[in-house]
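Everything quoted here is computed from the prediction, not taken from an experiment. Count residues from 1 along the sequence.
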Amino acid sequence: YVSPSVFYLRGISPEENMNETFFDTLTESSAHEAIRMFEYYTSIIKSGEKPLPQTFEMEQKHKNGYSIWTEIMISAVFESTGEFKYFLGVTRDITERRKSADALHSSIDENKRLQTLFREVADNISDMIWAKDNNGNFIFVNESLCKNLLLTDSTLDPIGKNELYYATIAKRENPENPIWYTFVETSIETDKEVIESGETRHYELYGTVRGNYVCLDVIKSPLKDENGDIIGIVAAGRDITDKKRDELVKRLYIRISSAVTEFDDIQECLSIVQNELNTITDASNFEVFYKEHNELRPIYSQVGIKECSRYYTQLQPSLLNIVLGDNKTLRLSLKEIMKLIKDSEEADISCLPKSWIGIPLRKNGKSEGVLVIKSFYDKNAYSDRESENLEFIAQQIANTIEKKRIAKQLQLLSASVEQSPVSILITDNKGVIEYVNPKFCDVTGYSYSEAIGNNPKLLKSGFQSDDVYTKL
């Protein structure tokens with residue numbers, strides 16, 4: 001039996017439907033599913049059991065060539081005696097519902113595809129990308145941010161956490177170093193500014209990550225929901241550390257050159273050099289040694305608050321002699337310093353520098369002194385690039401010391417000539433007087449202004465023969 005409603009569903013009569021096979025009524029995949037269901041029900045009935053009603057989704061064929069999705073509930077009907085009678089099927093059109101479900105599945109698949117595509121793009125660029133909620137917790141991060149700033153391998157781990165969490169972990173690596181990880185504060189402050197203003201802002205954020213100076217060019221924008229309400233921030237950052245470092249180095253060179261001419265006191269000059277150096281590297285422990293009467297002596301020493309081990313103090317003269325003798329830069333790690341110290345197993349490692357660099361101060365290519373800088377916190381301080389900058393600065397320091405020495409010698413010479421008990425005059429190669437000392441004025445009676453620009457013949461008394469003046 002087929003009800004007349006089959007006409008409205010498929011465009012055929014009940015009689016036509018009753019003469020059809022599964023493959024005439026259904027699409028191929030649905031026909032195979034119907035046969036499997038029929039065989040399953042039959043096997044249960046033959047075993048003496050009564051199968052429970054089940055619902056299937058079947059794709060039926062319409063007379064006009066298109067298909068219709070239907071929901072069919074199948075039940076087995078039995079006589080009162082328990083004998084199987086027939087199968088009863090109730091069908092309803094679910095085409096629209098199926099279209100909506102297919103559209104939803106398609107939309108979900110497309111969203112997954114776009115998410116995968118965005119993740120691949122985000123994780124394959126060098127720029128850092130992240131988003132946070134209003135509480136400052138991450139809701140998205142890319143691999144570059146994890147690797148370079150959060151110091152984690154997983155892009156899932158930061159979700160629900162903030163920078164403070166990762167800063168705390170990083171600081172545990174080197175608790176003695178106050179500048180081991182300082183990037184947190186400026187980032188959190190600028191998040192608040194963007195959320196409060198509701199505007200996109202451009203920042204240069206800087207700090208240290210594992211003791212290394214880092215500067216980011218960052219754009220932060222409010223993150224809004226479908227109603228336009230701010231729910232957090234989205235940001236992108238580019239590492240411009242090398243660019244900023246180059247700018248700092250250029251400024252450092254200019255400032256040092258200015259200090260050389262601006263300050264007469266070598267101590268004040270070197271203090272400025274140290275302060276400027278601290279902007280590009282750890283120069284908190286900074287010493288300058290220079291030869292005086294062929295003996296190497298400290299002329300400037302600023303060693304911060306860290307006291308050196310007596311073992312290092314005993315070792316330092318040898319290190320200075322190595323730099324002087326080899327006339328080249330010497331870099332040492334803590335491990336290398338320990339090897340050079342006798343009885344190193346007794347030395348307190350916390351009182352030894354983790355990085356040490358000695359740079360020769362050259363005069364006419366020959367070592368006349370040593371610039372020593374050491375870090376008690378950063379084992380990776382004084383890279384090749386930093387060493388190049390320090391060697392340039394060391395040469396500037398050497399030039400400055402020599403200029404100050406020459407100036408001091410000239411000052412002493414000038415004072416000696418001025419106060420000399422004998423008359424002194426200086427002429428150019430044409431015999432024109434350029435300088436006379438006070439004793440000359442006392443003896444001759446000529447004033448300084450009268451003598452300058454004149455010729456020594458003004459001293460001619462007439463009591464000497466011309467031969468005397470010719471010889472003069």
Problem set entry | Stepwise side chain to side chain donor-acceptor pair (under 3.5 Å) test for Glu143 and Thr155 | CA-CA 6 Å; Glu143 286 186 1; Thr155 56; 5.9 Å; no

Exercise. Should Tyr300 and Phe286 be marked as a ring pair (Phe, Tyr, Trp, His ring centres under 6.0 Å) after you check the CA-CA gap, both sets of side-chain angles, and the distance that decides it?
Worked result: CA-CA 8 Å; Tyr300 181 85; Phe286 181 96; 5.7 Å; yes

For this session: Mind checking the CD-CG spacing from Gln316 to Asn321? Nearest 0.5 Å is all I need.
Result: 10.5 Å

Exercise. So, are Glu336 and Lys339 salt-bridged, with charged N and O less than 4.0 Å apart?
Worked result: no

Problem set entry | Side-chain touch Asn148/Asp239, heavy atoms, less than 4.5 angstrom | no

Exercise. Tell me, do Lys363 and Gln395 make a side-chain contact under 4.5 Å, heavy atoms counted?
Worked result: no

For this session: With side chain to side chain donor-acceptor pair (under 3.5 Å) as the test, would you mind laying out the steps for Tyr290 and Glu402 before giving the verdict?
Result: CA-CA 10 Å; Tyr290 211 78; Glu402 285 303 315; 2.7 Å; yes

Exercise. Above 12 or not: heavy atoms from other molecules or residues under 6.0 Å from CZ of Arg201?
Worked result: yes

Exercise. What do you reckon, is CG of Asn227 surrounded by more than 12 foreign heavy atoms closer than 6.0 Å?
Worked result: yes

For this session: Could you tell me whether a side-chain N or O of Thr281 sits under 3.5 Å from a main-chain N or O of Ala283, the two making a donor and an acceptor?
Result: no

Exercise. Just wondering, more than 12 heavy atoms not from Asp153 lying within 6.0 Å of its CG?
Worked result: no

For this session: Please tell me if the side chains of Tyr382 and Leu390 come closer than 4.5 Å, counting only heavy atoms from C-beta onward.
Result: yes

Exercise. Can you name the nearest heavy-atom pair linking Lys147 to Leu151, along with the distance?
Worked result: O-CD2, 3.8 Å

Exercise. So, Arg210 and Glu173, do they make that salt bridge, N to O below 4.0 Å?
Worked result: yes

Exercise. Does a sphere of radius 6.0 Å around NZ in Lys161 hold more than 12 heavy atoms from other residues, nucleotides or ligands, not counting ones at 6.0 Å or beyond?
Worked result: yes

For this session: Please check if any side-chain donor atom of Asp157 sits under 3.5 Å from a side-chain acceptor atom of Tyr166, or the reverse.
Result: yes

Problem set entry | Heavy-atom donor-acceptor pair, Thr116 side chain to Lys112 backbone, under 3.5 Å | yes

Exercise. Can you check whether Ile452 reaches Val432 side chain to side chain, under 4.5 Å on heavy atoms?
Worked result: no

For this session: Show your working on salt bridge (charged side-chain N to carboxylate O under 4.0 Å, His left out) between Glu57 and Arg97 and close with a plain yes or no.
Result: CA-CA 11 Å; Glu57 290 186 1; Arg97 189 183 82 183; 3.1 Å; yes

Problem set entry | Between CZ on residue Arg297 and CZ on residue Phe289, distance to nearest 0.5 Å | 13.0 Å

Exercise. Are the side chain of Ser375 and the backbone N or O of Tyr377 linked by a donor-acceptor pair below 3.5 Å?
Worked result: yes

Exercise. Charged N to carboxylate O under 4.0 angstrom, Lys439 versus Glu418?
Worked result: no

For this session: Evaluate side chain to side chain donor-acceptor pair (under 3.5 Å) for Ser187 paired with Glu163, printing each intermediate quantity in order.
Result: CA-CA 8 Å; Ser187 181; Glu163 294 105 322; 2.7 Å; yes

Exercise. Are Arg98 and Asp102 within salt-bridge range, i.e. N to O under 4.0 Å?
Worked result: yes

Exercise. Does the side chain of Glu110 come within less than 4.5 Å of His105's, by heavy atoms?
Worked result: no

Seminar exercise, completed: Scanning both residues in full, the closest heavy-atom pair of Leu334 with Pro353 reads CD1-O, 3.6 Å

Problem set entry | Electrostatic pair Lys328-Glu391, nearest N-O below 4.0 angstrom | no

For this session: Report the relative orientation of the aromatic rings in Phe118 and Phe140; use parallel for angles under 30°, tilted for 30 to 60°, perpendicular for over 60°.
Result: tilted

Exercise. Quick one: are Ile125 and Asn142 in side-chain contact, heavy atoms under 4.5 Å?
Worked result: yes

For this session: Heavy atoms only: give me the nearest Ala170-Tyr181 pair and the separation to one decimal.
Result: CB-CD1, 3.5 Å

Problem set entry | Non-hydrogen atoms of Ser387 and Ile357 that approach each other most closely | OG-CD1, 3.6 Å

For this session: Answer yes or no: is there an ion pair linking Asp229 with Lys224, defined by an N-O contact shorter than 4.0 Å?
Result: no

Problem set entry | Shortest non-hydrogen separation from Gly232 to Ile195 and the atoms involved | O-CG1, 4.3 Å

For this session: Verify the distance criterion only: is there a donor paired with an acceptor across the side chains of Gln274 and Ser271 at less than 3.5 Å?
Result: no

Exercise. Under the 3.5 angstrom rule, does the side chain of Asn399 hit a backbone N or O of Ala394 as a donor-acceptor pair?
Worked result: no

Problem set entry | Any donor-acceptor N/O pair, Asn278 side chain to Val273 backbone, under 3.5 Å | no

Exercise. With no hydrogens and no angle check, is any side-chain donor or acceptor of Asn285 less than 3.5 Å from a backbone partner on Gln302?
Worked result: no

Problem set entry | Close side-chain approach of Phe183 and Leu149, heavy atoms under 4.5 Å | yes

Exercise. Looking only at heavy atoms, which two atoms of Leu296 and Lys291 are closest? And how far apart?
Worked result: CD1-N, 3.9 Å

Exercise. Is the closest basic N to carboxylate O distance between Asp109 and Arg113 below 4.0 Å?
Worked result: no

Exercise. Are any side-chain N or O atoms of Asp217 and backbone N or O atoms of Ile240, one a donor and one an acceptor, separated by less than 3.5 Å?
Worked result: no

Exercise. Tell me, do Ile373 and Leu371 make a side-chain contact under 4.5 Å, heavy atoms counted?
Worked result: yes

For this session: Could you tell me whether the side chain of Ser355 and the main chain of Lys374 form a donor-acceptor pair under 3.5 Å?
Result: no

Problem set entry | Approximate separation, where rounding is to 0.5 Å, of Asn135 CG and Ile231 CD1 | 12.0 Å

For this session: Would you give the length of the straight line joining atom NZ of Lys354 to atom OG of Ser333, rounded to the nearest 0.5 angstrom?
Result: 11.5 Å

For this session: Using modelled atom types only, decide if a donor and an acceptor are shared between the side chain of Thr182 and the backbone of Thr208 within a distance under 3.5 Å.
Result: yes

Problem set entry | Any donor-acceptor pair under 3.5 Å from Asn137 side chain to Asp133 backbone | no

Exercise. Between CG of Asp384 and CG of Asn389, what distance do you get to the nearest 0.5 Å?
Worked result: 11.5 Å

Problem set entry | Asp265/Lys404 under salt bridge (charged side-chain N to carboxylate O under 4.0 Å, His left out): CA gap, chis, key distance, verdict | CA-CA 8 Å; Asp265 182 24; Lys404 301 299 182 187; over 6 Å; no

For this session: Give a yes or no on whether a salt bridge exists between Glu199 and Lys220, defined as a side-chain N under 4.0 angstrom from a carboxylate O.
Result: no

Problem set entry | Ion pair check, Lys244 and Glu247, cut-off under 4.0 Å | yes

For this session: Test side-chain contact (heavy atoms from CB on, under 4.5 Å) on Leu332 and Leu340 and set out the steps.
Result: CA-CA 10 Å; Leu332 296 173; Leu340 296 172; 4.1 Å; yes

For this session: Report the distance from atom CG of Leu330 to atom CG of Leu324, rounding to the nearest 0.5 Å.
Result: 11.5 Å

Exercise. Between Thr152 and Ser154, does a side chain to side chain donor-acceptor pair (under 3.5 Å) hold up when you go through it step by step?
Worked result: CA-CA 6 Å; Thr152 179; Ser154 170; 5.5 Å; no

Exercise. Is it true that the side chains of Glu59 and Ser67 contain a donor and an acceptor less than 3.5 Å apart?
Worked result: yes

